[in-house]
There are 2 protein chains.
Amino acid sequence: MSQGVEWALHTCLNLTWVDAPAPAGVLAAFYELPPAYLNKQLQALVRAGILTSVPGPRGGFQLARPPETISLLDIVTAIEGPEELLRCDQILTKGPGSHAGVDYRQSCAFAQAMRVADLAWRRELTAKTVADVRADVVRLHPSSPADTRSRIDALR
Amino acid sequence: MSQGVEWALHTCLNLTWVDAPAPAGVLAAFYELPPAYLNKQLQALVRAGILTSVPGPRGGFQLARPPETISLLDIVTAIEGPEELLRCDQILTKGPGSHAGVDYRQSCAFAQAMRVADLAWRRELTAKTVADVRADVVRLHPSSPADTRSRIDALR
DNA sequence: AGATCCTGGACATCTAGTATCCAGGAATGA
DNA sequence: TCATTCCTGGATACTAGATGTCCAGGATCT
């Protein structure tokens, strides 16, 4: 799974600590990431309705909605796309009794089993929101909110 | 996720219909797959203890154990390796308060959440065995056992 | 001995993820 | 109005991993 997901996850979390928009360069500097490339991931989050962007001075990115309404699956899907973990629908088109136009995701027993597992995975990621993770972080590292806020301000 | 998983899944299922070892070339011809490359995947299954290989004439690959004891996760892990779906433990080494040598998979709240989802996925794949899928196939396509057997014999 | 087939390494190719750069537009403040 | 800051989106290059091929060696069977 792509590295960009990890960046997007942590960046969304960082955005929960601040109120003003944060430029992509600041968010990248926080973890020493390549700014232009992180920017591309943030654009995907904007297209997905997770972030909003503000151009101009004092502009940047901010959360588009409350962290309680942003699930981890929202972020994963925004970066990785909606495809399933394992795509198992091609090989049977070459097997015996194959017919063009049939949806092999329906007739392949493996595809169905993999989809069950896929849905279990998505169910967990849907149940966990950015707000949940933020609460976990506060529990583990109580100084995190203030630390992150001041570090982002220092990078502006 | 790699295409080889799909090949391995279907090939293991095919091997449940026959008793004698089947050469890699025959198993590849069944789905019109590149023989040399499928062979590499089968070698991985052998190393994982899922298949056994027999050299020489009348040789080939066969299941190493009853299909009831082979889970879909066994096959996925043999091809893809044991890594988690999302590896989220690198970025925090660059963040504030980072220390070398610390296991960030323990301290990163996202890594923990992703692991929960990962385990849910693996739980489903562990619960489903090759024998289960074979039963599903028989239910959907009752002629499948005889069809597959005769087609493999025709390719020998 | 000869044929069949697995083993494992070396090698080539192709794709997707990673990363950079730049021209254009929008917002801010002087 | 003008300069500055910052997002947007396209073009481009690089890289790692997946995909695919080939071959020499060893094991097994007839």
Side-chain angles (χ1 to χ4, degrees), chain A residues 1-8 11 15 20-29 31-64 76 78-81 83 85-87 90-91 94 152 155-156, chain B residues 1-8 11 15 18 20-29 31-64 76 78-81 83 85-88 90-91 94 152 155-156:
Chain A
M1 183 148 306
S2 134
Q3 187 80 15
V5 174
E6 184 178 0
W7 301 359
T11 298
L15 285 175
V26 171
L27 296 169
Y31 292 119
E32 300 178 19
L33 304 176
Y37 190 43
L38 176 66
N39 193 309
K40 288 226 176 301
Q41 318 285 4
L42 298 181
Q43 287 182 30
L45 294 176
V46 170
R47 279 190 292 270
I50 296 169
L51 300 185
T52 55
S53 59
V54 182
R58 313 290 298 170
F61 296 90
Q62 55 189 348
L63 292 182
V76 169
I79 303 295
E80 290 285 306
E83 298 82 24
L85 262 19
L86 176 63
R87 178 188 178 81
Q90 292 302 312
I91 195 179
K94 294 295 187 56
I152 287 180
L155 293 171
R156 277 183 202 278
Chain B
M1 181 150 306
S2 136
Q3 186 82 14
V5 174
E6 183 178 1
W7 302 359
T11 298
L15 285 175
V18 299
V26 171
L27 296 170
Y31 291 119
E32 300 177 21
L33 304 176
Y37 191 42
L38 175 65
N39 193 308
K40 287 224 177 300
Q41 319 283 4
L42 298 181
Q43 286 183 30
L45 295 175
V46 170
R47 280 190 291 271
I50 296 170
L51 300 183
T52 55
S53 59
V54 181
R58 313 289 298 170
F61 295 89
Q62 56 189 348
L63 292 182
V76 169
I79 303 295
E80 290 285 306
E83 298 83 25
L85 263 19
L86 176 64
R87 178 187 177 82
C88 180
Q90 293 302 312
I91 196 180
K94 295 293 186 57
I152 287 179
L155 293 171
R156 276 183 201 279

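Model, not experiment: these values are computed from the prediction. Naming convention: chains lettered A, B, ... in sequence-line order (proteins, then strands); numbering from 1 in each chain.
L38(A) places its CG atom 14 Å from the C1' atom of dT20(C), with the value rounded to the nearest Å. The distance from atom CG of L51(B) to atom P of dC6(C) is 11 Å, rounded to the nearest whole Å. Spacing between atom CD of E83(B) and atom C1' of dA18(D) amounts to 14 Å, rounded to whole angstrom units. The distance from atom CD of E32(A) to atom C1' of dT18(C) is 18 Å, rounded to the nearest whole Å. Remark: P of dT8(D) and CG of N39(A) are 7 Å apart, rounded to the nearest angstrom. Whole-Å rounding puts the E6(A) CD to dT18(C) C1' distance at 14 Å. Atom CD in Q43(B) sits about 12 Å away from atom C1' in dC5(C), given to the nearest Å. dG8(C) atom P lies 14 Å from atom CG of L45(B), rounded to whole Å.
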Can you name the atoms? Protein N/O to nucleotides 12-14 of chain C N/O, anything below 3.5 Å, with the distance.
none

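To the nearest 0.5 Å, atoms CG (L33(B)) and CD (Q41(B)) are separated by 9.5 Å. Atom-to-atom distance recorded for W7(B):CH2 and L42(B):CG is 10.0 Å, nearest 0.5 angstrom. Separating the CZ atom in R87(B) from the CD atom in E6(A) is a distance of 9.0 Å, to the nearest 0.5 Å.
Of all non-hydrogen atoms in A78(A) and A44(A), the two that sit nearest each other are O-CB, 3.8 Å.
Backbone-only contact: R47(A) has heavy atoms under 4.0 Å from sugar-phosphate atoms and none from a base. Within the 4.0 angstrom heavy-atom criterion, no nucleotide atom of any strand lies near G25(A).
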Across nucleotides 19-30 of chain D, 5' to 3', mark each nucleotide with B, S or - according to how protein heavy atoms within less than 4.0 Å reach it. BBB-----BBB-
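Taking 4.0 angstrom as the limit, S53(B) places none of its side-chain polar atoms (N or O) nearer than this to OP1 or OP2 of dC5(C).
In R58(B), the CZ atom is not crowded: 12 or fewer heavy atoms of neighbouring residues, nucleotides or ligands sit closer than 6.0 Å. Counting non-hydrogen atoms of other residues, nucleotides and ligands closer than 6.0 Å to CZ of R156(B) gives a total above 12.
Of the candidates L15(B), L45(B), I79(B), L45(B) is the only one forming a side chain to side chain contact (heavy atoms under 4.5 Å, CB included) with I50(B). Here the options are T52(A), V46(A), T11(A), L38(A), the test is side chain to side chain contact (heavy atoms under 4.5 Å, CB included), and the partner is F61(A); only V46(A) passes.
In this structure the side chain of L155(A) never reaches within 4.5 angstrom of the side chain of I152(A), judged on heavy atoms.
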